[in-house]
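Here it is: the structure, laid out below.
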Amino acid sequence: MASQSVLTPQSTDFPRWYQDVVAKAELADNGPVRGTMVIRPYGYAIWERMQSEIDTRIKAAGAKNAYFPLFIPESYFSKEAEHVEGFSPELAVVTFAGGEELAEPIVVRPTSETVIGGFMAKWIQSYRDLPLLLNQWSNVVRWELRPRLFLRGTEFLWQEGHTAHASYDDASAYALKIHREVYDDFLLNVLATPSYLGIKPPSERFPGAVNSMAAESVMRDGKALQMVTTHEFGQNFAKAFDIYFQSEEGQAELCYTTSWGASTRLVGGLIMAHGDDAGLILPPRIAPTQVVVICVRDEPEVKEAADRIARELVDGGVRVEVDQGRGSYGRRVTDWEIKGVPLRVEVGPRDLAEGQVTVARRDTGSKSSYALEALATEVPTLLETIQSDLLARALSHRDERTHDVTTIADALDAAKDGFARLAWDLVVGEGEGELNAQAVSVRCLQRQDGSIPRSDEEDDLICLVSKSY
RNA sequence: CGGGAAGUAGCGCAGCUUGGUUAGCGUGCCUGGUUUGGGACCAGGAGGUCGCGGGUUCGAAUCCCGCCUUCCCGACCA
C-alpha cells in the first residue's frame, strides 16, 4: 500500500520530472518528425482554456481575428533585411510541389509579419483606417535543433497579433497595453505565474524590431521561461512593405507597426511553474476540470450521490468530472493528482452516512469534510482560495529566487538557481559576454521601480539575468 | 550544428563483452474471481519487424558501416 513516487522527483532530475509529467498526465507525445508534437486531449484542453482567456482579452483590447496563409513567397522575406537574416536558419522552405520544381521557393511561415505587412499596405489608405488591429490563431514552423515538448518545437501553435498605427506613440502605447492588459493580466490572474515584465536587451531583440518586450516567469527549478513577447517595429516593416496612409493634412506617411505572441510554450511554463513531485498543479481558472467527484466505492448509492453533487456543481458554473469508482481508490487518486485537478470531492459510504463529503486540495494535500448542502456554495469559494494561494506561492518563490547583486561574479552565482538583479550599466557590453559564456542571459531590462522602460537608452536601468529554457 | 549517452512489448529495464533452438523481467493491458477511505491480491492470457537500412557469417538483439529518433551539455534561437 505504501505509495512510491510515480514520477522522477524534481530534486533528482528536473528535466526528467518534466518529461514524466508530460507523459503521465497525458499532455503530449513526440511526433514522428523531430521537433514535432502531438498534443493529446488533456493537453489540448488546457491550451483551449488558454486560448479562450487570451482571446477574450485580445478582443477587449480591440483587435479582431483573421487568418493569413501558411505559405509565404520567399521574396517577401527578403524585403526586411534583419528579419530575413534572423529567421533564415530556422526556415522550412518548399521547393518542390505539384510534381515539379517551383519557380519561386515558398517559405512555411515562422511568423507572419511579412504576409500581413503586404496586406496592411493594401488595406490601409487613410488615417481613418488606423489603427488596424489584427490577430490570428495559427501554427508556425521554425526548424529547431534542440526541441523540447511544449517549450521549443519545430511546429507550434500560437496567437500572433499585428497592428498598424499612425504614430510612434500610438503604436508604443498599444504594444504596452497588450503587454499589460492581455498578457500580464492573463499570466497573473489566470495562470498564476507572475512574471518580470521588461524590455529585451538589443542582443535578444526580435529580428526587425526596434523594441521587444517580454514577460519572464520563474520555474520551480529557478530557471527563466519567456512566456510571451510583444514587439514594436517602428517603421521598419512599413518601409519594407510600403504601408503608407494619407494623413489629415493629405500627406503620405509611413505606419508604425507592432506584433505580439503567446504560444503553446505557455503549457510548458504552466507545468514548470506550479508542478510538484506528485505531478501537475493547475490553478482553478485554467484547469479544464476543476473538480473531480470521486466515488470511493463502486456502489449504486455512492454513484447516485456523486452524480447529484456533480450536477449541482455544474449548475454553479464549475467544470466537473465524475470518477465512477472502478479500480482501486489509491490508484485513481494518484492519477488525478498527476493531472493536477485542483479539488477532489470524495464520496464514500462513510461520508454519506454522515451527510457529508471529503474535499481534498491538490495544492496543499489537505483534506476536510463539508456538509452535502454546503458544497455548492463552498466549492467555488475554495477554488478561488486555491487560485490566490497558488499566486501567492508563485510570487514568494519568484522573490526567494531573485537576488540583488552588484558584480558579474555574484550574478553568475545567483543564476545557478535563480535570477540576479543588477544595474544594466554593469552588464551592457563585456558583462553580457561573460554571463553568456556561462549560459546566463539578460532576460529583461526594467526601471528601478520595476516598470517597463520605453527603450534601452534610458538612464539607470536595471536588468534581470538567469539561465533560461 | 558540436560533445556525450541511449534506442529490446504501452512505460521502465536485463540480455550484447565471448554470435547458436521457442528473447526475458517489472509494471501496465485483457479475462475470471476476491477486493476497494492513498498506486490491492490470486489465477489465466494477449502483446516483439530487438529503431531503420546495408554488411560480415552456416547463423546477428549480439560484430562492422550508414541513417533516423530520444535525452543531457553547449552553440543557435520573438
Side-chain angles (χ1 to χ4, degrees), chain A residues 1-8 13-16 18-20 23-24 26 29-36 82-83 85-91 110-113 140 142-149 151-154 156 158-162 175 179 199-200 203-209 211-216 226-233 258-263 265 278-279 294-299 302 323-338 344 346-353 357-358 360 365 367 369 436-441 444 467-469:
Chain A
M1 280 293 202
S3 119
Q4 56 184 20
S5 68
V6 183
L7 309 167
T8 305
D13 185 342
F14 194 83
R16 182 75 183 271
Y18 177 81
Q19 289 171 83
D20 284 354
K24 299 244 166 88
E26 303 181 338
D29 257 329
N30 281 304
V33 171
R34 181 182 169 76
T36 61
E82 281 184 30
H83 192 68
E85 192 191 329
F87 273 110
S88 57
E90 305 181 69
L91 294 184
T111 177
S112 303
E113 276 76 8
V140 283
R142 298 177 187 182
W143 219 252
E144 284 294 347
L145 301 171
R146 193 181 166 187
R148 318 189 59 172
L149 285 170
L151 300 175
R152 191 189 293 113
T154 281
F156 57 91
W158 76 346
Q159 143 283 312
E160 50 176 324
H162 296 268
H179 210 62
I199 63 174
K200 283 289 178 186
S203 58
E204 306 262 336
R205 217 177 259 155
F206 180 83
N211 186 32
S212 290
M213 287 181 275
E216 300 283 334
Q226 179 173 329
M227 304 292 272
V228 298
T229 180
T230 302
H231 311 290
E232 296 171 53
F233 295 121
T258 78
S259 79
W260 23 281
S263 72
R265 167 181 278 192
I294 295 190
C295 301
V296 172
R297 300 295 187 94
D298 185 4
E299 295 167 4
V302 171
D323 180 319
Q324 293 291 343
R326 299 204 165 272
S328 80
Y329 167 82
R331 174 51 189 269
R332 290 180 285 129
V333 165
T334 308
D335 284 346
W336 289 113
E337 282 177 341
I338 292 173
R344 296 196 309 274
E346 306 189 345
V347 188
R350 253 166 23 211
D351 293 304
L352 293 179
V357 291
T358 304
K367 287 185 182 181
S369 296
N436 289 347
Q438 312 265 332
V440 174
S441 57
C444 67
K467 295 195 175 186
S468 69
Y469 282 98

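Naming convention: chains lettered A, B, ... in sequence-line order (proteins, then strands); numbering from 1 in each chain.
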Quick one: label A:Arg297 by what it contacts on the DNA or RNA (base, sugar-phosphate, nothing), any heavy atom closer than 4.0 Å.
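Result for A:Arg297 = sugar-phosphate.
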Measuring from the side chain of A:Thr334 (C-beta onward, heavy atoms only), which nucleotide among B:G38, B:G37, B:C1 has the closest atom?
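Within the option list, the nearest is B:G38.
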note: A:Glu85, atom CD; B:C77, atom C1'; distance rounded to Å ~ 13 Å
Given atom CZ of A:Phe156 and atom P of B:C77, what is their separation to the nearest angstrom?
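Going from A:Phe156 (CZ) to B:C77 (P), I get 15 Å.
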A:Asn436 CG - B:A75 C1' separation (whole Å)
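Going from CG in A:Asn436 over to C1' in B:A75 covers 11 Å.
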Every protein N/O within reach of nucleotides 45-47 of chain B N/O, cut-off under 3.5 Å:
none

CG of A:Leu145 versus C1' of B:C77: gap in Å, rounded?
9 Å
Go through B:G74, B:C1, B:G38 for me and flag the one nearest to the A:Lys467 side chain.
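Nearest nucleotide to the side chain: B:G74.
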Is there a donor N/O on one and an acceptor N/O on the other, under 3.5 Å, for the side chain of A:Arg332 and the base of B:G37?
no
Under a 3.5 Å cut-off for both distances, is B:U36 Watson-Crick or wobble paired, and to whom?
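Across any shown strand, B:U36 pairs with none.
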Should the heavy atoms of other residues, nucleotides or ligands under 6.0 Å from CD of A:Glu85 be counted, would the total exceed 12?
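Atom CD in A:Glu85 is not crowded, with 12 or fewer foreign heavy atoms closer than 6.0 Å.
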Distance, P atom - from B:C64 to B:G7, rounded to whole angstrom
14 Å
For B:C11, which nucleotide in any strand shown is its Watson-Crick or wobble partner with both distances under 3.5 Å?
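Paired with B:C11, as far as the under-3.5 Å criterion goes, is B:G26.
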Mind checking if A:Phe14 touches a base, just sugar-phosphate, or nothing, with heavy atoms under 4.0 Å?
nothing
Name the residue closer to the 5' end of RNA chain B, choosing between A:Ser468 and A:Lys24 according to the nucleotide with the nearest heavy atom.
A:Lys24
Just checking A:Glu144: base, sugar-phosphate only, or nothing, at a heavy-atom cut-off of under 4.0 Å?
nothing
Does any N or O donor sit under 3.5 Å from an N or O acceptor when you compare the side chain of A:Lys367 with the base of B:G38?
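Result: at least one qualifying N/O pair found.
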In this structure, how many angstroms lie between the P atom of B:C77 and the CZ atom of A:Phe87, rounded?
11 Å
Would A:Lys200 and A:Glu216 pass as an ion pair if we require N to O under 4.0 Å?
yes
Taking B:A43 as the reference, what is the distance to B:U62 when you measure between their P atoms (whole Å, please)?
36 Å
Suppose we define a pair by two distances each less than 3.5 Å, Watson-Crick or G-U wobble; what does B:U21 pair with here?
none
Under 3.5 Å donor-acceptor pair, A:Thr358 side-chain atoms to B:G37 base atoms
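When only heavy-atom distances are counted, A:Thr358 does reach the base of B:G37 through a donor-acceptor pair under 3.5 Å.
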If the C1' atom of B:A23 is compared with that of B:A61, how far apart are they to the nearest Å?
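That atom pair is separated by 8 Å.
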Separation of the C1' atoms in B:U21 and B:G28, to the nearest angstrom
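After rounding to an integer number of Å, I get 30 Å for this pair.
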Within the sub-3.5 Å range, which N or O atoms of nucleotides 68-72 of chain B have a protein N or O partner, and how far apart are they?
residue : atom : partner  : partner atom : Å
B:U70   : OP2  : A:Arg34  : NH1          : 2.5
B:C71   : O3'  : A:Gln19  : NE2          : 3.3
B:C72   : OP1  : A:Arg148 : NH2          : 3.0

By the 4.0 Å heavy-atom rule, please label A:Gly327 as base, sugar-phosphate, or nothing.
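Contact class for A:Gly327: base.
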Could you measure between the two P atoms, the one in B:G3 and the one in B:U8, and give it in whole Å?
24 Å
Using the P atom as the point on both nucleotides, what is the distance between B:U27 and B:C42, in whole Å?
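Between the two P atoms, the distance is 9 Å.
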Paired with B:C71: which nucleotide, if any, by Watson-Crick or G-U wobble criteria at under 3.5 Å for both distances?
B:G4
Which part of the nucleic acid does A:Gly348 contact within heavy-atom distance under 4.0 Å: base, sugar-phosphate only, or nothing?
base
Nearest whole Å is fine: how far is B:G38 P from A:Asp335 CG?
15 Å
Could you tell me how far B:A46 sits from B:U31 if I compare only their C1' atoms? Round to whole Å.
10 Å
State whether the side chain of A:Arg265 and the backbone N or O of A:Phe156 hold a donor-acceptor pair below 3.5 Å, judged by distance alone.
no
Assess the side chains of A:His231 and A:Ser212: does a donor N or O sit below 3.5 Å from an acceptor N or O?
yes
Counting only N and O atoms by type, is there a donor-acceptor contact under 3.5 Å from the side chain of A:Thr229 to the main-chain atoms of A:Trp260?
no
Separation of atom CG in A:Asp323 from atom C1' in B:U36, rounded to whole Å
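Between C1' of B:U36 and CG of A:Asp323: 12 Å.
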Remember a base hit wins even if backbone is also touched, and classify A:Pro349 as base, sugar-phosphate or nothing at under 4.0 Å, heavy atoms.
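The answer is base, as A:Pro349 lies within the cut-off (heavy atoms under 4.0 Å) of a base atom.
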Counting the atoms with a prime plus P, OP1 and OP2 as sugar-phosphate, which does A:Asn211 contact under 4.0 Å by heavy atoms, base, sugar-phosphate, or nothing?
nothing
Looking only at atom types and distance, does a side-chain atom of A:Arg16 sit under 3.5 Å from a main-chain N or O of A:Leu7, one as donor and one as acceptor?
no
Taking the same atom, C1', in B:A9 and in B:G47, what whole-Å distance lies between them?
6 Å
Checking all strands, does A:Ala439 fall into the base, sugar-phosphate, or nothing category for heavy-atom contacts under 4.0 angstrom?
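Here A:Ala439 touches the backbone only, sparing every base.
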Sub-3.5 Å donor-acceptor pair from the side chain of A:Asn211 to the main-chain atoms of A:Glu232, do we have one?
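No, A:Asn211 side chain to A:Glu232 backbone: no donor-acceptor pair under 3.5 Å.
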Classify A:Ser212 by what it touches in the nucleic acid, base, sugar-phosphate, or nothing, heavy-atom distance under 4.0 Å.
nothing
For the pair made of CD in A:Glu299 and C1' in B:U36, what is the distance, rounded to whole Å?
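One finds 9 Å between C1' of B:U36 and CD of A:Glu299, rounded.
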Only pairs with both distances under 3.5 Å count, Watson-Crick or wobble alike; so what is the partner of B:G66 in this structure?
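Per the H-bond distance test, B:C52.
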What verdict does the side-chain contact (heavy atoms from CB on, under 4.5 Å) test give for A:Glu26 and A:Ile338, after you've listed the backbone C-alpha separation in whole Å, the side-chain angles of each residue and the deciding distance to 0.1 Å?
CA-CA 9 Å; A:Glu26 303 181 338; A:Ile338 292 173; over 6 Å; no
Answer yes or no: does a side-chain N or O of A:Ser328 lie under 4.0 Å from OP1 or OP2 of B:U36?
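No, A:Ser328 has no side-chain N/O under 4.0 Å of OP1/OP2 on B:U36.
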Using nucleotides 25-34 of chain B, report all nitrogen or oxygen pairs with the protein that are shorter than 3.5 Å.
none

